[in-house]
Amino acid sequence: MPKKQVIDQDDRRMEGATHAYAVPMMVTSLFGDLINKVEKQLPVVLRECDGDYVKNIQKIPQEPLTVITAVHETPDGRLVANVKD
């Protein structure tokens with residue numbers, strides 16, 4: 001999460017954080033640099049086209065699938081996922 005994303009809550013400023021509900025609406029602005037970096041590292045793959053194989057450059061969709069896992073910070077600084085069975 002970029003440091004420019006900030007949550008001000010309960011007299012506490014949390015840099016590099018955003019509310020989970022906002023992530024699906026902000027994927028490109030939050031992770032655009034990371035998406036571009038990963039996309040450049042994707043391998044070229046072959047695909048069939050009219051009986052021949054052609055090189056296909058993989059691209060990450062403009063609206064990629066996002067999976068959100070809420071985390072909380074423990075007093076010793078560890079981030080722990082909030083998950084339930």
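FYI, the numbering just counts along the sequence from 1. Only this structure's heavy atoms are used, side chains among them; waters, hydrogens and symmetry mates stay out.
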Applied to residues 69-82, the salt bridge (Lys or Arg N to Asp or Glu O under 4.0 Å) test, sequence neighbours excluded, yields Asp76-Arg78

Can you name the nearest heavy-atom pair linking Ile35 to Pro64, along with the distance? CD1-CG, 4.1 Å

Compile the donor-acceptor pairs under 3.5 Å between side chains in residues 48-58 and protein atoms, sequence neighbours left out, one pair per line.
| residue | atom | partner | partner atom | Å |
| --- | --- | --- | --- | --- |
| Glu48 | OE2 | Asp50 | N | 3.4 |
| Glu48 | OE2 | Gly51 | N | 2.5 |
| Gln58 | NE2 | Pro43 | O | 2.7 |

Enumerate the salt bridge (Lys or Arg N to Asp or Glu O under 4.0 Å) contacts for residues 13-38, please, sequence neighbours excluded, ordered by first and then second residue. Asp8-Arg13

Could you work out the complete set of other residues in the hydrophobic cluster of Ile7, with links drawn between I, L, V, M, F, W and Y side chains under 4.5 Å apart? Met14

Under 4.5 Å side-chain linkage, directly or through intermediates, the cluster mates of Leu65: none

Across all chains, not counting sequence neighbours, the side-chain hydrogen bond (donor to acceptor under 3.5 Å, both in side chains) partners of Asn82 are His72

Listed by chain and number, what are the side-chain hydrogen bond (donor to acceptor under 3.5 Å, both in side chains) partners of Thr69, not counting sequence neighbours? none

Are Leu34 and Leu42 connected into the same hydrophobic cluster when the rule is that any two of I, L, V, M, F, W, Y join if their side-chain heavy atoms are below 4.5 Å apart? yes

Contacts of type side chain to side chain contact (heavy atoms under 4.5 Å, CB included), residue Asp10, not counting sequence neighbours: none

Is there a path of hydrophobic side-chain contacts, each under 4.5 Å between heavy atoms of I/L/V/M/F/W/Y residues, joining Val71 to Phe31? no

